[in-house]
Amino acid sequence: YKRQSMSTYQPQSEISRFNVLTPGAWFPVSAGFLEVLSVALQVGIDSGGAYDVTVGPLVNLWGFGPVRVVDQPPTAEAIGVAMEGIGQQSLEIDRQQLAVRKDKAVVLDFSSLAKGYAVDELARLLREAGIRRYLVEVGGEMKLSGKSPRGDLWRVGIEQPSAGKRAAAIAIRLTDAAVATSGDYRNYFDYKGQRYSHSIDPKTGYPVAHDLVSVTVVHDSAIWADAWATALMVLGSEAAMELARELDLAVYFIRRTGDNYQHDHSAGFARYLDDTSRVAHEENP
């Protein structure tokens with residue numbers, strides 16, 4: 001039934017029906033839909049607009065959505081037209097009536113946090129069934145509880161940014177927490193020597209162009225970890241680190257420095273680094 005709520009691939013889902021709704025009308029939604037939208041709006045506010053749940057038209061325009069694939073940047077005019085339909089401030093929520101409305105023709109896309117929500121829901125179902133020892137993973141976002149099969153903390157690898165192979169940059173140890181990673185090293189295209197990543201800045205309409213290539217967030221909730229990984233990825237390393245410190249977020253950053261990578265983390269992340277992780281961290285400065 002969740003597929004009938006948040007999937008933009010299902011024309012009769014809640015999100016698809018809301019996206020074609022005439023502006024101004026209230027639209028009744030499920031509690032889960034409202035929860036996901038509420039988290040998205042809050043992260044949008046706290047990130048200063050770096051995260052925006054209405055950014056879908058720009059993502060599609062740049063060829064990173066379900067609509068089509070492009071091999072060159074869109075025109076400035078096309079970007080300007082798409083920008084006219086962006087802005088979470090056009091959304092209004094009625095929590096008591098479980099309803100949402102928009103004052104202009106914005107569309108929603110929950111792809112940046114719906115996986116996190118699904119992980120939280122699966123974990124909730126397991127706990128309701130009396131299961132306290134588990135690892136739930138959906139598309140790379142995960143939640144862990146209790147002990148690992150070895151009888152100690154779960155050990156999770158953070159991927160080294162590389163388009164051609166998969167390898168762990170470091171490993172962290174944790175339990176009773178959720179982990180989400182966002183990166184620009186798999187979903188991108190090159191045009192005339194410039195790389196265009198799938199991380200679109202909703203304030204400019206263009207893909208981010210900074211040195212931050214991977215952001216991993218550890219949080220109590222997978223949906224919050226998922227959304228924050230995206231938001232911090234858009235912000236870039238300096239602004240993301242400042243915000244992580246301000247909000248006491250546990251975040252691990254990987255930046256590109258020429259042909260190498262530099263690793264850094266917020267103070268809140270340090271507790272998840274064991275001795276092995278610290279050695280790997282030092283060997284990959």
Side-chain angles (χ1 to χ4, degrees), residues 43 47 50-51 64 111-113 115-116 119 137-144 153-174 177-190 194-201 206-219 222 224-285:
V43 172
S47 66
Y51 182 94
F64 297 113
S111 59
S112 60
L113 75 170
K115 287 187 295 183
V119 168
E137 185 265 345
V138 177
E141 326 309 345
M142 64 179 63
K143 196 164 191 177
L144 313 100
L153 295 179
W154 294 93
R155 197 159 189 250
V156 175
I158 295 177
E159 189 174 19
Q160 179 76 0
S162 174
K165 61 180 181 180
R166 293 184 180 273
I170 66 162
I172 58 176
R173 292 186 183 275
L174 72 168
V179 185
T181 297
S182 179
D184 78 343
Y185 51 93
R186 297 226 176 268
N187 197 3
Y188 65 90
F189 69 87
D190 289 309
Q194 183 170 349
R195 172 180 291 194
Y196 294 92
S197 119
H198 77 289
S199 297
I200 310 297
D201 188 339
Y206 286 80
V208 298
H210 50 59
D211 60 353
L212 189 57
V213 294
S214 174
V215 176
T216 297
V217 178
V218 177
H219 197 281
W224 285 95
D226 202 2
W228 270 121
T230 299
L232 296 173
M233 186 69 211
V234 171
L235 279 170
S237 56
E238 186 174 336
M241 179 64 85
E242 182 178 347
L243 188 58
R245 288 169 176 162
E246 179 184 336
L247 300 179
D248 194 25
L249 295 172
V251 188
Y252 191 86
F253 302 98
I254 303 179
R255 296 188 291 119
R256 184 182 290 107
T257 56
D259 294 330
N260 299 312
Y261 296 103
Q262 183 172 343
H263 300 230
D264 199 3
H265 59 82
S266 66
F269 197 91
R271 70 176 74 97
Y272 305 113
L273 295 170
D274 61 17
D275 291 339
T276 303
S277 298
R278 294 179 193 280
V279 170
H281 183 277
E282 292 168 0
E283 291 177 347
N284 295 276

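Heavy atoms only: backbone and side chains are in, while hydrogens, waters and symmetry mates are out.
For the atom pair CD (Glu141) and CG (Leu113), the distance works out to 10.0 Å, reported to the nearest 0.5 Å. Note that CD1 of Ile170 and OH of Tyr252 are 4.0 Å apart. Values are rounded to the nearest 0.5 Å. Atoms CG and CE, from Leu235 and Met241 in turn, are 12.5 Å apart once rounded to the nearest 0.5 Å.
Residues Thr257 and Tyr261 approach most closely at OG1-N, 4.0 Å, considering heavy atoms. Nearest heavy-atom pair across Met233 and His210 is O-NE2, 2.9 Å. Taking each heavy atom of Ala229 and Ala180 in turn, the nearest pair found is CB-O, 4.0 Å. Between Val234 and Ala50 the shortest heavy-atom distance is CG1-O, 3.5 Å. What you find for Gly268 and Asp248 is that their closest heavy atoms are CA-OD1, 4.5 Å. Val43 and Ala227 make their closest contact through CG2-CB, 4.0 Å (heavy atoms, listed as atom of the first residue, atom of the second, distance).
With sequence neighbours left out, the side chain to side chain donor-acceptor pair (under 3.5 Å) criterion links Ser237 to Asp211. Annotation: side-chain contact (heavy atoms from CB on, under 4.5 Å) contacts of Leu153 (sequence neighbours excluded): Arg173, Thr175. Considering only residues two or more places apart in sequence or on other chains, Glu137 meets the side-chain contact (heavy atoms from CB on, under 4.5 Å) condition with Leu135, Met142. Applying the side chain to side chain donor-acceptor pair (under 3.5 Å) test to Ser112 and every residue at least two apart in sequence or in another chain returns Tyr51. Partners of Ser47 by side chain to side chain donor-acceptor pair (under 3.5 Å), not counting sequence neighbours: none found. For the side-chain contact (heavy atoms from CB on, under 4.5 Å) test, residues two or more places apart in sequence or in another chain that qualify with Ala250 are Val218, Phe269, Tyr272.
Contact annotation: the side chain of Trp228 approaches that of Leu247 to within less than 4.5 Å [non-hydrogen atoms, C-beta and beyond]. Residues Val179 and Val217 are not in side-chain contact: their nearest non-hydrogen atoms beyond the backbone lie 4.5 Å or more apart. Leu243 has its side chain within reach of Leu232: a pair of non-hydrogen atoms, C-beta onward, lies under 4.5 Å apart. Considering only heavy atoms from C-beta on, His263 comes within 4.5 Å of Gln160 through its side chain. Here the side chains of Glu159 and Thr181 are not in contact, with every heavy-atom distance at 4.5 Å or above.
The backbone N or O of Val251 lies less than 3.5 Å from a partner atom in the side chain of Ser266, making a donor-acceptor pair. A side-chain donor-acceptor contact under 3.5 Å links Lys115 to the backbone of Gly139.
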